[in-house]
Structures are given as C-alpha cells and as structure tokens.
Amino acid sequence: MEGLPNTYSEPIPIAVIGGTGISSLTHLSFTPVAVLNPQTPWGTPSSPITVLESPHSHTPIAFLSRHGLHHELSPSEVPNTANIAALRSLGVRTIVAFSAVGSLDEDIAPEHFVVPDQIIDRTKGIRESTFFSGGCVSHVGFADPFDDLLRRVIIDAAAGLKDVTIHSKGTVICMEGPAFSTRAESKMYQSWGGSVINMSVLPEAKLAREAEMAYAMVCMSTDYDCWKEDEKPVDVSIVMARMRKNGENAKLLVGEILKALADKDGEEIIMAKRYDGWARMGISTSPAGVSEAAKAKIEWLLPGTFPKP
Ligand SMILES: CSC[C@H]1O[C@H](OP(=O)(O)O)[C@H](O)[C@@H]1O
Ligand SMILES: Nc1ncnc2[nH]cnc12
C-alpha cells in the first residue's frame, strides 16, 4: 500500500471489517486508492483503513482489519469504539463484518457461511462497549442486533457463489477468549440454541447500532469447537487451514454484495437512514446534566446531537 494518498475526498458509505485470516481485501476486483489513519476521541483504530474502488460499483468501500495488520490485537484488545467511530467519520453507514467461527450445529459444516440474526453475550464486561458514558447515558434498542435488509442482500448475493453453502439465520455466541471453550461450555451453548461461536461480534455490533449504522456479519465456519466427540477439538491450525478457502469466498462475496447494492434501491439500503436518531432518541440524561466532555464526544460521533449554542 506504499505510495497511496492518505486522504480521500468523498464520503465512503460502506465498510468491510475483516477478521481472522482476512487482513486485507487484495483481489483482482478491488483497487486500493488511499490509506487513511483517522484519529478519534476514542483513540486509534485497529489498523489503517484502506479505501478500495471496484468496477462493480460507483461506491467506494473502506476496509479495516479488526485484529491489526498482523493479528496483534486479541479479541479483548480490539479498539472497537475507535474502529466504529473512525468508520462513521469517513461517511460509513453500512458495515459488512466477517468472522471466523466455530460451529455448534452439525449441519453448519466447516467452510459453510452463516448470516446470523441473533447474539448471546458471553463477554466478561472488560471491553469498552458504549459511546454513551462519562456524562451522557443512552439506551439503544438491540432486540434485533443485525440489520435485516443488509442480511437479505448478503444472503441473496451468496446465492451467486457456486461453492458456498449459506445458512440464512442463526444465533452467534460471543465469548471473551482468547482461550477456546471447554467441552462443558460448548455443550451448554448448544443447549442454549447457539448456532456458531466467536469472540468478536460484541461490542462491534452494539457500537454500530449506537452509531446509527446498518451492520451485519458473515460468519465463516472453521471448526466444530469441541462439543463433537469424533472430531479433534478446535485449535488455531484448524481455523487457519479452513480460512484459506473461506477468505477467497469472502472476497468473492464482497464483490457480489457490491454488485447487488449498485442500483438505486441499494443506495437507500446503504445510507441506513432507518437508523437516524436511534441513539439520540435513547438519551436518558436530561440536557442540563450532560457533561461538556460527553457532549463533545457525542457531537463528534453524531454531528447535530449537541450543537454549539
Ligand atoms: C484464531 S481463532 C479465534 C478468533 O477467530 C475469530 O476472529 P474474527 O471474529 O476476528 O474472525 C474469533 O472471533 C476469535 O477472535
Ligand atoms: N471454536 C471457536 N470458538 C471461538 N471463536 C472461534 N473462531 C473460530 N473458531 C472458534
């Protein structure tokens, strides 16, 4: 990426967040045109943000590597607030996130993709998980944590890929890690109705909702965790081996998603106006009680919420 400009003059409405095994979006159909390093009131994002253009679409996309360019950030260390704030500041309104997951369901085989519709939170409260703290409280609705319009686009787009089996719903369990689950935990998650397990969907999805963006995740199955007695329990070599094929399919899928969103209806889906005001509506702090520090940060994230008098 050397030699690319570090500015981009247009808003970038779509972002792709890559996780394990996807630290760039290098593929014939994408041309990197800039590398940005936005700073935010919540700090610096996980990685520089690459801006890519594609012949499939007039809409540029921003790519962010969740664990850093060299996978140096553990799931608990990912600066999710900085990541989401940085993307929003570039104009992003729609996020397609990718994640390597373990399967809790016999039918979700390695290399299958799942577009989940629900989440169960098993993180340990050690991740910074809201923009609304330090003097401004907001409670956003999160009953349906993923955006259904975007989920539908992804599911339909995946139908254009010949060797990807896609599951159109499921519950993702988000554990803290970084160690994998015990067998007892894995079986308990199955009994709770979990379909797949990862360490990344939270608080990423929650912060995207607070930032009034549309968010969906593509879960790429790599293993059967450790509930299945006739399989070797998950380890990193198993995950990385599966991610070679998954990573190629993920890049093809991004191309198909951009094609699908390249028309007028697509623009409406991408701009996610349906989330305008969600976080602002949830603010419970009375105007006189909002701290100046919180006002400044929220105004940076969602301009117009606390305009200067
Ligand atoms: C390397 S296996 C565990 C690791 O893989 C997943 O990462 P990501 O969601 O970023 O693709 C999982 O969430 C864990 O962080
Ligand atoms: N079994 C597993 N548990 C948690 N995260 C994962 N990512 C890939 N496989 C996983």
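Numbers for residues simply follow the sequence, beginning at 1. As the structure lists them, so they are numbered: ligands from 1, and atoms in each ligand from 1.
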Novice: Would you check if Arg122 and Met188 make a side-chain contact, meaning some heavy-atom pair closer than 4.5 Å?
Specialist: yes
Novice: Using a distance-only test with no angle check, is there a side-chain donor-acceptor pair under 3.5 angstrom linking Asp225 and Tyr189?
Specialist: no
Novice: Check the orientation of Trp227 and Tyr224. Use parallel for under 30°, tilted for 30 to 60°, and perpendicular for over 60°.
Specialist: perpendicular
Novice: With a cut-off of 3.5 Å and sequence neighbours excluded, list every side-chain donor-acceptor pair involving residues 104-111.
Specialist:
| unit_1 | atom_1 | unit_2 | atom_2 | d |
| --- | --- | --- | --- | --- |
| Asp105 | OD1 | Asp107 | N | 2.8 |
| Glu106 | OE2 | Lys228 | NZ | 3.2 |

Novice: List the atom pairs, donor and acceptor, that lie under 3.5 Å between side-chain atoms in residues 282-299 and the rest of the protein, sequence neighbours left out.
Specialist:
| unit_1 | atom_1 | unit_2 | atom_2 | d |
| --- | --- | --- | --- | --- |
| Ser284 | OG | Gly282 | O | 3.2 |
| Thr285 | OG1 | Val137 | N | 2.7 |
| Ser291 | OG | Gly134 | O | 2.8 |
| Ser291 | OG | Ala294 | N | 3.0 |
| Glu292 | OE2 | Lys295 | NZ | 3.3 |
| Glu299 | OE1 | Gly304 | N | 3.1 |
| Glu299 | OE1 | Thr305 | N | 3.1 |
| Glu299 | OE1 | Phe306 | N | 2.7 |
| Glu299 | OE2 | Gly304 | N | 2.9 |

Novice: Please tell me whether Asn198 and Ser200 have a donor and an acceptor in their side chains that are separated by less than 3.5 angstrom.
Specialist: no
Novice: Measure up the Phe146 and Tyr215 rings against each other and bin them: parallel (under 30°), tilted (30 to 60°), perpendicular (over 60°).
Specialist: parallel
Novice: What's the shortest heavy-atom distance between Thr20 and Ala100, and which atoms?
Specialist: CB-CB, 4.0 Å
Novice: Less than 3.5 Å apart, N/O on ligand 2 and N/O on the protein: could you list those pairs with the distances?
Specialist:
| unit_1 | atom_1 | unit_2 | atom_2 | d |
| --- | --- | --- | --- | --- |
| ligand 2 | 1 (N) | Asp223 | OD1 | 2.9 |
| ligand 2 | 1 (N) | Asp225 | OD1 | 2.8 |
| ligand 2 | 7 (N) | Ala100 | O | 2.9 |
| ligand 2 | 9 (N) | Gly102 | N | 3.2 |
| ligand 2 | 9 (N) | Asp223 | OD2 | 2.6 |

Novice: Can you name the residues that come within less than 4.0 Å of ligand 1, going by heavy atoms only?
Specialist: Gly19, Thr20, Arg66, His67, Pro75, Ser99, Ala100, Phe180, Asn198, Met199, Ser200, Val239
Novice: First locate atom CZ of Phe63, then atom OG of Ser23, and finally report the distance between them rounded to the nearest 0.5 Å.
Specialist: 6.5 Å
